[in-house]
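Accompanying notes for the structure given below.
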There are 4 protein chains.
Amino acid sequence: MSSVYHGNLTVSIFGQSHAPAIGVTIDGLPAGARIDMDELGMFLSRRAPGHSPLSTPRKEADLPEFLCGVVDHVTCGAPLTAIIRNTNTRSQDYDTLRDVPRPGHADYTAQMKFGGAQDVSGGGHFSGRLTAPLCIAGGICLQLLRREGIEVFARIASIAGIEDHAPFTAPVSNKPFPVVTDAVGGQMQQAILQAKSDGDSVGGVVECIVTGCPAGLGEPMFAGMENRIAQLVFAIPAVKGVEFGAGFAAAAMRGSENNDAYCMENGGVRTVTNHCGGILGGITNAMPIVFRAAFKPTPSIRREQQSVRLSRMEEVPLCVPGRHDPCIVPRAVPCVEAAAAIAVYDALLEARKFTKTARE
Amino acid sequence: MSSVYHGNLTVSIFGQSHAPAIGVTIDGLPAGARIDMDELGMFLSRRAPGHSPLSTPRKEADLPEFLCGVVDHVTCGAPLTAIIRNTNTRSQDYDTLRDVPRPGHADYTAQMKFGGAQDVSGGGHFSGRLTAPLCIAGGICLQLLRREGIEVFARIASIAGIEDHAPFTAPVSNKPFPVVTDAVGGQMQQAILQAKSDGDSVGGVVECIVTGCPAGLGEPMFAGMENRIAQLVFAIPAVKGVEFGAGFAAAAMRGSENNDAYCMENGGVRTVTNHCGGILGGITNAMPIVFRAAFKPTPSIRREQQSVRLSRMEEVPLCVPGRHDPCIVPRAVPCVEAAAAIAVYDALLEARKFTKTARE
Amino acid sequence: MSSVYHGNLTVSIFGQSHAPAIGVTIDGLPAGARIDMDELGMFLSRRAPGHSPLSTPRKEADLPEFLCGVVDHVTCGAPLTAIIRNTNTRSQDYDTLRDVPRPGHADYTAQMKFGGAQDVSGGGHFSGRLTAPLCIAGGICLQLLRREGIEVFARIASIAGIEDHAPFTAPVSNKPFPVVTDAVGGQMQQAILQAKSDGDSVGGVVECIVTGCPAGLGEPMFAGMENRIAQLVFAIPAVKGVEFGAGFAAAAMRGSENNDAYCMENGGVRTVTNHCGGILGGITNAMPIVFRAAFKPTPSIRREQQSVRLSRMEEVPLCVPGRHDPCIVPRAVPCVEAAAAIAVYDALLEARKFTKTARE
Amino acid sequence: MSSVYHGNLTVSIFGQSHAPAIGVTIDGLPAGARIDMDELGMFLSRRAPGHSPLSTPRKEADLPEFLCGVVDHVTCGAPLTAIIRNTNTRSQDYDTLRDVPRPGHADYTAQMKFGGAQDVSGGGHFSGRLTAPLCIAGGICLQLLRREGIEVFARIASIAGIEDHAPFTAPVSNKPFPVVTDAVGGQMQQAILQAKSDGDSVGGVVECIVTGCPAGLGEPMFAGMENRIAQLVFAIPAVKGVEFGAGFAAAAMRGSENNDAYCMENGGVRTVTNHCGGILGGITNAMPIVFRAAFKPTPSIRREQQSVRLSRMEEVPLCVPGRHDPCIVPRAVPCVEAAAAIAVYDALLEARKFTKTARE
């Protein structure tokens, strides 16, 4: 495993779904930064399960305990560690799945990688629950970014193929179902409930925007903004694609159409369109960063599927018991914001190394 | 800049388009591995320009000189460095562009990042020419992977919106225009030539497959196979999206449809479908890795575009002179293979650390 | 701060002396390795304070709680996190020291680095207490190394200038005062008690040996065995020097004297002497690794010292209250073993990447 | 091998002694910094061989060619690569040594590590010649540091046991034999010439001072100033020990003696003594950084030594042919400065990330 993001910040995520705790250590935060714990709690609650009929009925308090790195809610320069105790564990649900991997899950690949030593309970380290520590780290970065005038906000762009075509320019995080067009959101929720009643699940696309970035962030070739964001967003389970700006649609455009013409606006340079998603050559151009992440449908479904019994190497039918989200996309929205916030804050720290530069 | 990939291999890419040379250093290759220089040369020639009316008329020999790391074509354990001299430089083409950034290029963002000190000639370090050293590193990894029974091959999946729907299961790299369906490839070439005659450009999608991977490669959360491949593929200029398996299409599927059922085949575990693209939980499942990368249309076009003159902060029209590819997708095919090969070989080295493990 | 060691293992240490907890996350351990918790507890107890009149009277249980990464004491492949709760905190001891930095401590430098936001209580993240998580990580590596036939053991080589000249070839860790020559150890203990009664402190040198290493470990130029060990050993507070083999004494030798002649012994290649400390060109030669670390005397002393009051920028006398070790060298012995074990196990993992190598 | 230093700067060193070239790539330099090539050349010439009867008669121009990263001697933000061609190679000298490793050299350990594939010619990648690219990187950092008011200078502190006890406070790099006390230097040179005439060699100690550092540099636990400097200095072949401030001597002091009392001087905080070598808790305190590196005597000597013939596993006598330095210490002085400069500049970049910090 490599659950450590090594950048200007080091973010080390640990825990399994049914271990005593999950958590995160962030090394490299500035000292003297106040963390608004209420705001962080509210951010985390957007990811927490059990809030609506659309998600799993599991209840998780998910309140982080800060073990170190802060004194009276202010960072002290030492590594910050926060943990969340696991309380609502029902490991017996998973016992029968040890030998029969669930299609679409990491059961089989973890078995191959760890030779039977992996912790299968509740999905172990592969559980979506591990996005909680990602959101702690991201939630802190979001607060630090906001103080620099940088905002990160995401929305549900589509679920089950139902797309919200409305442009996305302002936060919708205050909505219980974070879409721009509520009517379309209603259709999405219907699709989720229908899938649930069918013992099935649906996926979707989350779109994320970062506003207020200065031009000049990002270090190509391997740590440009696209590389950084992609590396972090693919840490969220179920993400199978990431695209920036026009993304895959740009592949069907002509250059004259896709190129973003420069213009002057209020004395500053801007672009007329934003097909590049705010990133050229891996570096921000001060237009909003725009990207989308595709989430596959939740692999855990009640409907019978075909699997194999590894101990006998024979095909067997499988019905996954337990309580599962029919769609994790609504809860994934803050996770995408968290991943983006870490990437952008990391790039911001990098850029600052050169704020005062030795030049003749 | 961060043109160093830090993994089990360290790949450090350097050079600007019109500097004396470009090149790459690879640290961490196994000692005693023979590099087939002819094979490497043939691989690099697939990326080289000047071979057809579809690409830029610039001629580049692009034969790498190995400065160190090999003795008689066999790796000696020391870092391997190969360089390519830049000979065909025409810097005066770019002089007028210093103040007027080309839409869709890194001119403006590099200006913001480096405060005017960047090397604009020929695109500097942002030039597509920098994919040549990436291909040297990737070409070496391809040879090492093949000796382990792992093959990496890519094809053009679409250009200018023209899609080749044929399944991709065998290499097409021997074709001058690497598509599965030649008739569709003919249409694509027509679209490229039409764009060229219009002074415009087109983009496309490259699909890449990795076969023969053992199950168990990849280190989630931040170095899973998707994270690794995405980080490397976004190092190729013009890539704006990456998706694995069903990718964005999976977001519109139901779980019962997207989940890949397990089955037995010749005594081994396989999946009936491969919507996950050979990766579950960030770890390979021994099915082929499948991913696609979206390339935007080449930003350099002859047609007039709107830009700004930075010295006067005023809008000005711009016609980009010089010789440019109307479509870089055909030449990008080996670059995608190279990026994938580095990612997979890196994961293979990682997995080997645990081949002989201390267990009771 | 950068309390993360990035190697093949990632070891992330967190906590402040008087925060709720201290701890460590290890990412990259092999799955399926049983950790002997009793053995680990015994190893940690060698570092724990309060065991003798030679050390601080503070009592610390220092029993780690494993939050994740193990199932029934067997590693599961996910990151392993262990924490130790801080219980015996007396922050008021430190309140008066905020403005008047203790000579020899990090009070002043942390103040300069973190602008007053640092946690001064109990030394914060700079406390010797932070070697407990280092010992957890090192103690686990020691167990893994032993299963490969590699042993790491250290001894007190000198305290207060009193040197134990006896050769060091076998473990002394079972002794309450880990010296080879007990009579010399008695003198050392006298010197410690004398310093204590004088309100003063003494330093010393710890010598460490690693036996059973295969030849070929270490990756020069920057991750050779000396680089790795030095980087890790300097993480222990109070270490001011590290030397390998003959070390500084080699600087006064002639080549004919210092060079270790090769010989045959039991069919294998050995060296007649071991002035190189088992390392040539940064790589192990299968002779024992030998190194020494110099520890300065504990900076916290009762005797009056001169300091400055930062708020008024004036010189003031200072007497440090509280309970302190008059000599931390005895307790540092397992810390040095821990640092060495992490370095060697990390190099062992690195070497394994190439155990099965692609060669023609 | 791991000849890549990964910090805020990435320094990647490549080459073997008798390969076509050696060189270095530096990624992460600020853009817009002018490199004074004359000054760099003079710095490199201090390391170059062939200047005096004290060193090897090999002649090396060692003038670096800059392949990229600079435009008209000004950094452009892209990775900087400089190479030095190898011209004076005499590989036949080394042919007979393939099977019979030289005592004190890396011949045997490299053989064990690389399984016979290593490049033995001229010492391969283990050659002292590889300190030339280290000096290129360090020489550039020295220039950047000087513009910040930070100076790095080293001197010979002892050779063959002959010590120069004079305090070291000002540069001696303009002297052909860089000692403070020329009379002592004369004795050292006599000792070198005597060793040479005996077919033998001598070692020594280099002391290095860094002045002008602001307080607050260094990131403990693993990237404190001692960790950083030690990791870099041990990259220089023949270094077997590193100590800071009073170093090993501190181990014999009492706390009341070793602690550096604070005092006020010209309105600023200073310490009366500097036993800590300018570093407390891994962080600079604005006093000069002071450290010493111990160099073993050159292992290549003419005198007969005992080795083994690996192909027959038998003991054999060995006389090393070729031309060798009887003492590499004088030429090592700029190498130590280079290593220190990289470490300090790297820490300076790190500290700048937090110059403008998000605080309430």
Side-chain angles (χ1 to χ4, degrees), chain C residues 1-3 5 103-104 106 108-109 112-113 126 161 200-205 215-216 219 221-223 226-227 230-231 234-235 240-244 247-248 250-256 258-264 269 280-281 283 285 294-299 301 303 305-308 315, chain D residues 1-3 5 103-104 106 108-109 112-113 126 161 200-205 215-216 219 221-223 226-227 230-231 234-235 240-244 247-248 250-256 258-264 269 280-281 283 285 294-299 301 303 305-308 315:
Chain C
M1 307 296 274
S2 183
S3 293
Y5 175 78
Y108 176 70
T109 55
M112 292 297 104
K113 188 172 190 67
F126 297 88
D200 213 328
S201 65
V202 289
V205 173
E219 283 71 37
M221 302 173 55
F222 298 110
E226 287 124 335
N227 311 255
Q231 190 195 353
F234 278 115
K240 296 304 281 186
V242 173
E243 64 177 3
F244 294 84
F248 277 85
M253 292 182 186
R254 281 195 158 192
S256 58
N258 181 63
N259 281 354
D260 301 303
Y262 288 106
C263 63
M264 297 301 305
V269 175
L280 285 173
I283 300 172
N285 69 351
F295 287 80
K296 69 178 184 183
T298 326
I301 56 175
R303 292 181 58 174
Q305 302 175 82
Q306 179 178 307
S307 184
V308 289
E315 298 179 359
Chain D
M1 306 297 273
S2 182
S3 293
Y5 175 77
Y108 175 69
T109 55
M112 292 296 104
K113 188 171 190 68
F126 298 88
D200 214 329
S201 65
V202 290
V205 173
E219 284 70 35
M221 303 174 53
F222 298 110
E226 288 124 335
N227 310 257
Q231 191 195 353
F234 278 115
K240 296 304 280 187
V242 172
E243 62 176 4
F244 294 83
F248 277 86
M253 292 182 186
R254 280 195 159 192
S256 57
N258 182 63
N259 281 354
D260 300 304
Y262 288 105
C263 63
M264 298 302 305
V269 175
L280 285 173
I283 302 172
N285 70 351
F295 287 79
K296 68 178 185 184
T298 326
I301 55 175
R303 292 181 59 172
Q305 302 175 80
Q306 179 178 308
S307 183
V308 289
E315 298 179 358

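Here is the naming used below: chain letters follow the sequence lines, and residue numbers restart at 1 for every chain.
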Heavy-atom pair count under 4.5 Å with chain C, highest-scoring of D:Gly241, D:Ala251, D:Gly204: D:Ala251

Flag, side chain of C:Lys113 to backbone of D:Gly216, donor-acceptor distance under 3.5 Å: yes

Closest contact, heavy atoms only, C:Arg254 versus D:Val202: CG-CG1, 4.1 Å

For chain D, the option from C:Gly161, C:Ser307, C:Ala230 that forms the most heavy-atom pairs under 4.5 Å: C:Ser307

Flag, side chain of D:Thr109 to backbone of C:Asn285, donor-acceptor distance under 3.5 Å: no

D:Ser201: partners by side-chain contact (heavy atoms from CB on, under 4.5 Å), with sequence neighbours left out: D:Pro297, D:Thr298, D:Ile301

Largest heavy-atom contact set with chain D, pairs under 4.5 Å, which of C:Tyr108, C:Phe295, C:Tyr262: C:Tyr262

Side-chain donor or acceptor of D:Ser3 paired with backbone N/O of C:Met221 under 3.5 Å: yes

For chain D, the option from C:Gln305, C:Met253, C:Lys296, C:Met264 that forms the most heavy-atom pairs under 4.5 Å: C:Met264

Most contacts with chain D, counted as non-hydrogen pairs under 4.5 angstrom, among C:Ala252, C:Ser256, C:Ala215: C:Ser256

For chain D, the option from C:Gly281, C:Ala235, C:Ala223, C:Ala261 that forms the most heavy-atom pairs under 4.5 Å: C:Ala235

Residue pair D:Val205 / C:Phe248: nearest heavy atoms and the distance that separates them: CG2-CD2, 4.1 Å

Partner residues of C:Glu243 under the salt bridge (Lys or Arg N to Asp or Glu O under 4.0 Å) criterion, sequence neighbours left out: C:Arg292

Within-4.5 Å side-chain heavy-atom neighbours: D:Met112 and C:Ile283: no

N/O donor-acceptor pair under 3.5 Å between C:Glu226 side chain and D:Lys240 backbone: no

Engaged part of C:Arg303 at the chain D interface, taking heavy atoms whose separation is under 4.5 Å: side chain

